[in-house]
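The block underneath contains the structure these notes are about, expressed in structure tokens.
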Amino acid sequence: MPKGMALIDRERCKGCGLCIAACPFGVLGFSDEYNSSGYNVAAMVHPEKCTGCITCAQVCPDVAIEVYLFRPAPVREAR
Amino acid sequence: MLADAKIPEGYVRVFRRPDSMSDAPYTYCPGCHHGVIGRLVAEAIDELGIRGRTVGIAPVGCAVFLYRFYRCDFVQAAHGRACAVATGLKRANPDLIVFSYQGDGDLAAIGTAETVHAANRGENITVIFVNNQIYGMTGGEMAPTTLPGQRTVTTPEGRDVRATGYPLKISEMLAQLDGPAYITRQAVYDVRHVQMARRAILQAFRNQLEGKGFSMVEVVAACPTNLKVSPVDGNKWVTEQALRYFPLGDLKVRDR
Amino acid sequence: MRVLMRGNEAIAEAAIRAGCKCYFCYPITPQGELVEYMARHLPQQGGVFLQAESEVAAINMVYGASAAGVRTMTSSSSPGISLKMEGISYLAGSRLPAVIVNVMRGGPGLGNIAPAQGDYFQATKGGGHGDYRLIVLAPSTVQEAAELVMLAFDLSDHYRVPAMILADGMLGQMMEPVELPEPVDEGTILEKPWALTGAEGREPRVVLSFDLDPQGLKEMNLTLQRTYREIEAHEVRWEEVDTADAEILLVAYGTMGRIAKTVVRLARAEGIRAGLLRPISLWPFPYEPIRALAERIPVVLTVELSAGQMWEDVRLAVEGRAATPFYGELGGVVPTPKEILSEVKKHAR
């Protein structure tokens, strides 16, 4: 399996949970943290399961997620 | 890249905010589908390389601040008049890529005439129509697209079709006309449909570049705040309720 | 070269000569010839003519075309202008230039298609919602209509305030010889550094008529108000006829102004020293010139094709310095010079 990483912008996150529900591998969950707007932000609770499939970023209504893939060789960015 | 993020060695970015989007945070409620739809518009603008010649038209309603979220020129239109404003812009300067972004109250109630006639003229514009079956900004009143029996603040016992009519199927109406080039209905409640909506929005912009004429992408969306459900249940509302009245798919595709 | 033209046609031709690139309309009497003329001639000049689905759509097309930075115009008559008021308020709020022609007819409601001046309040006091003004120019001859259309485009661009030509059914329909103004040199039309031309190589621009923050909206309003004060200081226009020795002053505009000129002549033939002040700009209104004349002329008679709308501004100008009788006709009835003359006789000493 590819190794990925979802980076969530805590200040953009509104804690809607859509990314958590959409993630096919159970990577994401609510963190213990609240941002300055008072939203309970999402985070990778099982980072080891992330494949970098970008599902979370595709459904995030606040465009708060960047996704990274472990690829020692450079690749073209895709969406 | 996120400002405070540390990216471990060997990781490459495969998804980020589109260039055409500004850094401004969305003003939408948590879980609102507007956010995804707005991003797909920006991705289409990026992919076609048209940011520098694009003019967006912000509606009245939840997307009134749309201009804040993009790095392109914008005008805010009177309620429902976006297609007329788009007509003026595009006719005055056909080199511009003009898109309007409107909700169901804006496009399908107060702006029905402007929408129908812009479509009928085949105006070479792109229209993004967010159908979430409710007036969001004003506080959850009945929309022309509100489902039968759906409770809103102005249909507290549920929409009674004998008194207030049926969900208005604007896309089906427009698809009957000779003017439009492309009328499609999409959704963004899961990743597969986000991808399909993305392709549709891209097509609607590409049509304008190719001079094909009026293209509209309706997106059946959720307004969890005014449905008074969680964002996850908002998605369920779309699949279990809204899509029964608003089936997805292309309603009109003209090749030339 | 003088040509014989209808008022409506002269207005249309002057707009084309003023560099109007986009004209959006919806048919209504008595300005039909304006629409027809534009349909025939504007596309030949490389411009855009579009018959919209409604007056509401037409004014919003003007809004779009103006935002794109071109000179643009719409025209209509009273009921249609009411429909345009939403868009006009947005134009004013967004500081977009445009020219709106109102060939007034009888009202209220559907009224009739005879000449009237019942839209004075609507034109000069705002008309739509919010604290705004239009530059309002009222021609009294076909020649003047053509000239004021050219001026309206210039003033509107310069101040970023929409301008209205307030004509009436009589002026729109009548034919007169007219010396058409020379077409403007396109190079002399003001640059519009706010126009939406695409953000290539520059920061994005936005055209907005709103700010949800009250302080922000107050600032936008103050900008408008500063502009209006500047217009009041520089753009008041009027004509005086035989005021130097007048013992009674008529105040009338547009078609009534024209008839009032005849009345002045008839009165003088009978030994009554009548004079006329004809406001050309209805906003800004010539308060000061009227005030100055009221210092020495004891009677200021306002004559209108309304129940006394401009009369209110005349009384504001006179402020008790002189008697301010009123004579008006309603419903599209146009008084004869003799009828007005008998009114003059009633009030002159």
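Below, chains carry the letters A, B, ... as their sequence lines are ordered, and counting in each starts from 1.
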Please enumerate all residues that pass side chain to side chain donor-acceptor pair (under 3.5 Å) together with Q203(B), with sequence neighbours excluded. N207(B)
What pair of heavy atoms forms the shortest contact from [X] to [Y], and how long is it?
{"X": "V59(A)", "Y": "V36(B)", "value": "O-CG2, 3.6 Å"}
{"X": "Y11(B)", "Y": "Y68(A)", "value": "CD2-CB, 3.9 Å"}
{"X": "V191(B)", "Y": "T55(A)", "value": "CB-CG2, 3.9 Å"}
{"X": "P61(A)", "Y": "C32(B)", "value": "CB-O, 3.1 Å"}

From CA spacing to verdict: side chain to side chain contact (heavy atoms under 4.5 Å, CB included), Q58(A), D190(B): CA-CA 8 Å; Q58(A) 288 282 6; D190(B) 70 12; over 6 Å; no
For [X], is it the side chain, the backbone, both or neither that has a heavy atom under 4.5 Å from a heavy atom of chain A?
{"X": "D23(B)", "answer": "both"}
{"X": "V232(B)", "answer": "both"}
{"X": "A24(B)", "answer": "backbone"}

Within the distance-only criterion (no hydrogens, no angle test), does the side chain of R17(B) pair as donor or acceptor with the backbone N or O of V63(A) below 3.5 angstrom? yes
Of all the residues in [range], which have a heavy atom that comes within less than 4.5 Å of a heavy atom in chain B?
{"range": "residues 23-36 of chain A", "value": "none"}
{"range": "residues 38-53 of chain A", "value": "Y39(A), G52(A)"}
{"range": "residues 13-21 of chain A", "value": "K14(A), C16(A), G17(A), L18(A), A21(A)"}

Are V14(B) and I54(A) packed together at the side-chain level, in the sense that at least one heavy-atom pair is separated by less than 4.5 angstrom? yes
Flag the pair R12(A) / Y26(B) as yes when at least one side-chain heavy-atom distance between them is below 4.5 Å, and no otherwise. no
